[in-house]
Every structure is written in structure tokens, then in C-alpha cells.
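Sequence lines set the chain letters: A, B, ... in the order given, protein chains first and strands last, and positions in each chain run from 1.
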Amino acid sequence: MPEGPSIVILKELIDDLPLHKPEIIEVSGNVKTIAKDRLLHQKVQEFRTLGKHFLICFNDFTIQIHLMLFGTYLINDTKKTPLKLGLTFKKDQINFYTCKVDLLEGNAKDLYDWSIDIMSDQWDDKQAIKTLKENPESHICDILLDQHIFAGVGNIIKNEALYRAKIHPLSKIKDLPLAKIKLLIKAVVAYSFDFLKWRKEGTLIKHWEVYNQKTCPKGHPIEKKELGKTHRQTYYCSNCQKKYS
DNA sequence: GTTAATGTTTCACC
DNA sequence: CGGTGAAACATTAA
């Protein structure tokens, strides 16, 4: 389920219901990390996302849901897997499975900084450039997955954006020209919104240029290796993507 | 039955 | 303490 754009889709689906500051009339599920009574009869002020987090915002606290690798949700439907957290409103019900649920004290606006969220209109690429430069020795394939810098980027966006920017995943930050870093950041954001559009259309997979592919669009063989200290599968084309060193 | 996967946290060890 | 890395958690499709 989980890269940033997929969480945006979840938020849009829920916003479409539509619920206007709905009161939670029942809380179900086996969640143990929060006290469920805390939510009962509370009114949701807003649903938001930050990176891969789905946020249910109340006046003085925030429920933060992370779908991890296998998390799912169903709106007005249920499934056999044990329910982690179910929220029932007057007419609608939202059910979360296999996810991490946390309660953070305080209003979301004071808890989060949306300038690190690739899907946010507050996204700040200058700040990202600055943070990147503070990590000159990092491999680009690792730092793209750093949620403190690129909240919402997952392994698919990492691979596809690196291919679009024509950068080899093992290039180090210090070796990348500034123009190339800027290009990459633009590619990350642009691909994330393409991801959103294509996922909604059901055409995401057919648009993959390197992820899970055997050859790149130019017909070169794709290499698949666990690279960097994150050890995530990395798909790349040594012909199209230049290694800066 | 086995395998791999869109992710993150925790713990052991140097 | 910092870095590394393995293990842990959990689901489903191929």
C-alpha cells in the first residue's frame, strides 16, 4: 500500500465521503498502542497526510497511522485479517489492518513540518538541497529513502526518479553537480505526482521504467542489486544512469 | 509450500 | 556513543 502517493489517495477517498468534522461513535480493533476510549465521541477536525503517515487530526491530539509494508484499509467494508483499528461514524466506517497506530499529544499543525513532505504544497526543495549537502558521503540511493528529508519516498519512487534523472544509485552526494541534485529533486516530486495519477488510473505498473523490469525503455538490461546501507533492492541501468565519483 | 515485496524499529555487536 | 546489520513484525500474490 504505502508510498506517499498511496496515502494521499486514502485521504482523498475519505475526504470524498464527505464527513464534516464527524464524531466517532464507535472504536473497534485490537490496537494496543493507544487507548481506544480516547477517541470515542471525539470529533475529527481534519484528515491529513505527511509522507507515509495518515493523520487523523483532533483538536488536542493526533492519531498517526503507518501502513508499513503490508497495511491495508477498507472504507465501509471489512475483511478476515484481524482488525487493528476501526472507526465508526454516523454513516461511514473506516477500517485499518496491519498497521502501526500512535497517538501524539497536540495539534497536528504543531507536531509536523510539511516542508519535508514530497506531496505537500509546502515541500521545500531548497531545504532538501541544504540537508543533502550536510551528508556528502551518503549514497543517493540511501538518502532518497530518508523520511526526514524526503518523507513519502519509497523504493519505487527512489528507483524511478533515479532513472529519470539519469543518476547511478551509488553516486555520492558530494560528487553530484548541484544542477544534477536539483534535477533529481524535481524528478522525485514529478514522479510522485505521476505515481498518484497512474495509481488512480490503475496504470502504475505499466508505467514502470526500471522497477521490477528486465530492460529499460531503451532496451538495455536492468541490474537489480541490494545497494547502500539500506540494502533495498535497487533497479538501474548502467548505460543510462551515470555514476558520479 | 516457497518466495519476495511499495517499511520501519529494535536489539546485538564491534 | 556511532555505525552496521540482522532480526522482528505482518500479508498476500505469484
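Within the structure, every side-chain polar atom (N or O) of A:Arg232 is placed at least 4.0 Å from both OP1 and OP2 of B:dA5. Between A:Lys52 and B:dT8, a side-chain N or O to OP1/OP2 separation shorter than 4.0 Å is present. Residue A:Thr230 has no polar side-chain atom (N or O) positioned under 4.0 Å from OP1 or OP2 of B:dT8. At least one side-chain nitrogen or oxygen of A:Thr98 sits closer than 4.0 Å to the OP1 or OP2 atom of C:dT11. For the pair A:His66 and B:dG7, the criterion of a side-chain N or O lying under 4.0 Å from OP1 or OP2 is not met.
The separation between A:Tyr73 atom OH and B:dT6 atom C1' is 13 Å, rounded to whole Å. A:Asp102 has its CG atom 9 Å from the P atom of B:dT9, to the nearest Å. What separates CG of A:Leu204 from P of B:dT6 is a distance of 13 Å, to the nearest Å. Whole-Å rounding puts the A:Lys80 NZ to C:dA13 P distance at 11 Å. Atom OH in A:Tyr235 sits about 11 Å away from atom C1' in B:dT6, given to the nearest Å. Between the CD1 atom of A:Ile156 and the P atom of B:dA5 there is a distance of 11 Å, rounded to whole Å. Atom-to-atom, CD of A:Gln64 to P of B:dG7 comes out at 16 Å; the value is rounded to the nearest Å. Separating the NZ atom of A:Lys158 from the C1' atom of B:dT6 is a distance of 11 Å, rounded to the nearest angstrom.
Distance check on atom P: B:dA4 versus C:dA7 gives 15 Å, rounded to whole Å. Spacing of C1' atoms, B:dT9 relative to C:dT12, comes out at 22 Å, to the nearest Å.
Among the protein residues, A:Thr72 comes within range of no part of the nucleic acid, since none of its heavy atoms lies under 4.0 Å from any strand. When heavy atoms are screened at a 4.0 angstrom cut-off, A:Tyr97 is found touching no nucleic acid atom at all.
For A:Lys197 and A:Phe193, the positive end is not near the middle of the six-membered ring at less than 6.0 Å and at most 45° from its axis.
Enclosure of atom NZ in A:Lys79 by more than 12 non-hydrogen atoms of other residues, nucleotides or ligands within 6.0 angstrom is indicated. By the neighbour-count criterion of 12 heavy atoms within 6.0 Å, atom NZ of A:Lys180 is densely surrounded, having more than that number from other residues, nucleotides or ligands. Shown here is A:Lys166, whose NZ atom has more than 12 heavy atoms of other residues, nucleotides or ligands within 6.0 Å.
Under the 4.0 Å criterion applied to side-chain N and carboxylate O atoms, A:Lys174 and A:Glu137 are assigned as salt-bridge partners. A salt bridge links A:Arg164 to A:Asp194: at least one charged side-chain nitrogen sits closer than 4.0 Å to a carboxylate oxygen.
Nearest nucleotide to the A:Asn155 side chain, out of C:dA10, B:dT8, B:dT6: B:dT6. The side chain of A:Lys79 lies closest to C:dT12, out of B:dT6, C:dT4, C:dT12. Considering only the side chain of A:Tyr211, B:dT6 comes nearest among B:dT6, C:dT12, B:dT8. When distances run from any side-chain atom of A:Lys224 to the nucleotides B:dT6, B:dA5, C:dT4, the shortest one goes to B:dA5.
Of the nucleotides present, C:dA13 is the one that pairs with B:dT3 by Watson-Crick or G-U wobble criteria, both distances under 3.5 Å.
Along DNA chain C, the nucleotide nearest to A:Gly228 and the one nearest to A:Met68 differ in position, and the one closer to the 5' end is contacted by A:Gly228.
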